[in-house]
Amino acid sequence: MKRKIDFLVIGSGSAGLIFALKVAAHGKVIILSKSNMEDTATSYAQGGIAAVTYSPDNYEKHIEDTLKAGAGINDKEIVRITITESTERVKELIEWGTHFDKEESGKYALAREGGHSEFRILHHKDNTGFEIQRALSEKVKAHPNIEVFENYFAIDLITQHHFNEVVNRYRKDIRCFGAYAMNEKTGKVETFLAKVTVIATGGLGNIYQTTTNPLFATGDGIAMAYRAKAHLENLEFVQFHPTSLYNPGEKPSFLITEALRGSGAILKTKKGNVFMKKYHELGSLAPRDIVARAIDNEMKLSGDDFVFLDARHISKNEILNHFPTIYAKCLSIGIDITKDMIPVVPAAHYSCGGVNSDKDGRTTIENLYAVGEVARTGLHGANRLASNSLLESAVFSHRAAMHAIGGFRQIDFRENVPDWDAEGRVMNEEMILITQSKKELQAIMSSYVGIVRSNLRLKRAFDRLEILYKETEDLYDKSILSKDICELRNMINVAYLVIKMAMNRKESVGLHYSIDYPEKKEN
Ligand code: FAD
Ligand code: SIN
């Protein structure tokens, strides 16, 4: 089946929905979601969205904090654009129906997280993302020009490659004509032709064993863009959140928001020793990369499986008002956080790198935009400042939409696009092959490409991955197409990029720490 649409948006998180809402007044939009519409990392966001609202905060302070967290390798123009447009974008989320917590005075109640010099995080208790997703989803569902296709798995972007033209990364005129996506109910691959295609597919956390990311976060957008020969960067900078709840077997790992540390919770060893001041003057509220590395080190020194986060001195009233989700979750596994310390471990959380996109969300492929976590805008540099991600989605989805509105009428649909070629796929392989390879991949990434890296570990990961790559490509060529085999293939593609980019970075900076190059290179 072939469909023609002005705007094809792959992903129903904040990035995709904001883009869709902005362009929908000008043309027809289809949003694809590989799961249900609300199953997004956006819905999981706890802490909030960073934006400049009241003095004494100002744009310069937020810019400086973002650059400091990113170890200065951020794109300075992008940082300035993002922060100076933050106030406007947050106002818009409020106009669209998002409720952020307020103080009795009527002012927004601002929180503080690691690396922020001011209280500037707008939040809705400890489930801000859920509230943003709710507001955006309601607007999208009510919009006559937007259709949401749930349980549609985008497999590949359509480019000249599908017309048997030679496409390589140096070719300047690669064009995107839409995407192939599998309708999971029928198992059939459908063709979506679009004037403008947007990848808003979120993160890649599931290439690791332990992640806060929802199960769908398998780096599909990154892999699709890579196969289509888009430029990608900075994938070595995978952010590990320092404090996910230690609850073996639970997937995804439940996050304990940094805002709890912003409210005074303190990291302690299993023996009860406060340790963060050894690593940074800001103690438990140091930037995320430093806290995650410190916890990793303490766990290696002690041999313990977790450290503790102590929130017992915070009043029960504050806990119940600001952190009801965390309170309830911990209680459900027998931990009363007003009386007991919380066992926590770092978990893969966010990809700072991704598909290169410019200040208008454009990728290096014509008519293809990338927004949200899948994009590498240059905002985060070597390490994302907490709560700058929802902000990045809001700013660049807006800018991408404005750019796309300006140009989409001049774009023609590509004719004679071939249907998905399913020839040769006969083998219905046992799931065990796929699940076992996925486990192996996650073990490789967690053991060798985690918080602390080395030349030897990366080389080992690379060699092991090559075996998995060959086996999986062979399986993919012969098998009946399924979401599981596609995800595995994507995860292997993405893991390859993370390892390759980590190997190429011969220094320690931000989230990439190598024992062989412990210093940052001077530019
Ligand atoms: P997502 O919200 O993840 O949406 C991705 C969409 O793409 C989904 O709809 C998915 O179905 C779809 N998709 C993916 N692949 C395919 C495919 N092949 N075919 C079709 N559809 C596909 N950031 C902050 O700024 N503040 C916070 O407080 C915060 N807290 C967080 C807490 C947790 C637990 C997590 C995991 C992240 C948190 N983040 C936070 C990060 C932030 O939530 C995400 O970076 C951001 O929401 C990403 O939005 P997105 O729209 O790019 O992607
Ligand atoms: C958190 O609430 O600690 C997560 C914030 C983020 O990832 O930006």
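Counting starts at 1 for both ligands and their atoms, in listed order. As the structure is a computational prediction, the values presented were derived from the model and not from experiment. What's counted below: heavy atoms across the whole structure, side chains too, no hydrogens, waters or symmetry copies.
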N/O of [X] under 3.5 Å from N/O of ligand 1, yes or no?
X	answer
Thr42	yes
Asp39	no
Gly48	yes
Glu113	no
Val374	no
Ala154	yes

Using 4.0 Å as the upper bound for N to carboxylate O, is an ion pair formed by [Y] and [X]?
X	Y	value
Glu190	Arg3	yes
Glu150	Lys141	no
Glu258	Arg288	yes
Glu92	Arg89	yes
Arg362	Asp358	yes
Arg134	Glu131	yes
Arg120	Asp65	yes
Lys438	Asp484	no

| said: Heavy-atom distances under 4.0 Å decide this one: backbone, side chain, both or neither, for Thr201 against ligand 1? | reply: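 Both backbone and side chain of Thr201 come within 4.0 Å of ligand 1.
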| said: Under 4.0 Å, heavy-atom basis, I'd like to know which part of His241 is in contact with ligand 1: side chain, backbone, both or neither. | reply: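 Contact part for His241 vs ligand 1: neither.
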At less than 4.0 angstrom from any non-hydrogen atom of [X], what atoms of ligand 1 do you find?
X	answer
Phe216	3 (O), 5 (C), 8 (C), 10 (C)
Ala15	51 (O), 52 (O)
Arg384	23 (N), 24 (C), 25 (O)
Thr212	34 (C), 36 (C)
Gly372	52 (O)
Tyr350	45 (O)
Gly47	28 (O)
Asp220	15 (N), 16 (C), 17 (C), 18 (N)

| query | How far apart are the closest heavy atoms of Leu8 and Ala194, and which atoms are they? | reply |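 Closest approach of Leu8 to Ala194: CB-CB, 3.6 Å.
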| message | With side chain to side chain contact (heavy atoms under 4.5 Å, CB included) as the criterion, how do His231 and Thr363 come out once you've worked through the C-alpha distance, each side chain's angles and the decisive distance to 0.1 Å? | response | CA-CA 8 Å; His231 291 193; Thr363 68; over 6 Å; no
Is it true that [X] lies under 4.0 Å from ligand 1, counting heavy atoms only?
X	answer
Ile10	yes
Gly221	no
Ile49	no
His349	yes
Thr128	no

| Between Ser387 and ligand 2, is there a nitrogen or oxygen pair with a distance under 3.5 Å? |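 Yes; at least one N/O pair falls below 3.5 Å.
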| query | Are any of the N/O atoms in Gly47 less than 3.5 Å from those in ligand 2? | reply |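 Such a contact does occur with ligand 2.
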Is ligand 2 less than 4.0 angstrom away from at least one heavy atom of [X]?
X	result
Ile256	no
Ser389	no
His349	yes

Distance to the ring centre below 6.0 angstrom and angle to the axis at most 45 degrees; does that hold for [X] and [Y]?
X	Y	result
Lys34	Phe216	no
Lys102	Tyr108	yes
Arg384	Tyr350	yes

| request: Dump the intermediate steps for side chain to side chain contact (heavy atoms under 4.5 Å, CB included) on Val79 and Leu67, then the final yes or no. | output: CA-CA 8 Å; Val79 173; Leu67 291 172; 4.0 Å; yes
At what distance is the nearest protein heavy atom to [atom], and which residue and atom is it?
atom	answer
atom 1 (C) of ligand 2	Thr257 OG1, 3.4 Å
atom 12 (C) of ligand 1	Gly11 CA, 3.6 Å
atom 4 (C) of ligand 2	Arg288 NH2, 3.4 Å
atom 53 (O) of ligand 1	Gly202 CA, 3.4 Å
atom 20 (C) of ligand 1	Tyr152 O, 3.3 Å
atom 21 (N) of ligand 1	Lys34 N, 3.1 Å

Proximity winner for [atom], if only heavy atoms of [options] are counted:
atom	options	answer
atom 41 (C) of ligand 1	Ser389, Ala45, Ala200	Ser389
atom 44 (C) of ligand 1	Glu184, Glu373, Glu38, Met37	Glu373
atom 25 (O) of ligand 1	Ile256, Leu390, Ile31	Leu390
atom 43 (O) of ligand 1	Gly205, Ser12, Ala41	Ala41

Would you mind listing which atoms of ligand 2 come within a distance below 4.0 Å of any non-hydrogen atom of [X]?
X	value
Arg384	6 (C), 7 (O), 8 (O)
Glu258	1 (C), 2 (O), 3 (O)
Ala386	8 (O)

| said: Can you tell me which residue among Tyr152, Trp420, Phe153, Phe192 is in a ring pair (Phe, Tyr, Trp, His ring centres under 6.0 Å) with Tyr180? | reply: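 Of Tyr152, Trp420, Phe153, Phe192, ring pair (Phe, Tyr, Trp, His ring centres under 6.0 Å) with Tyr180 is met by Trp420 alone.
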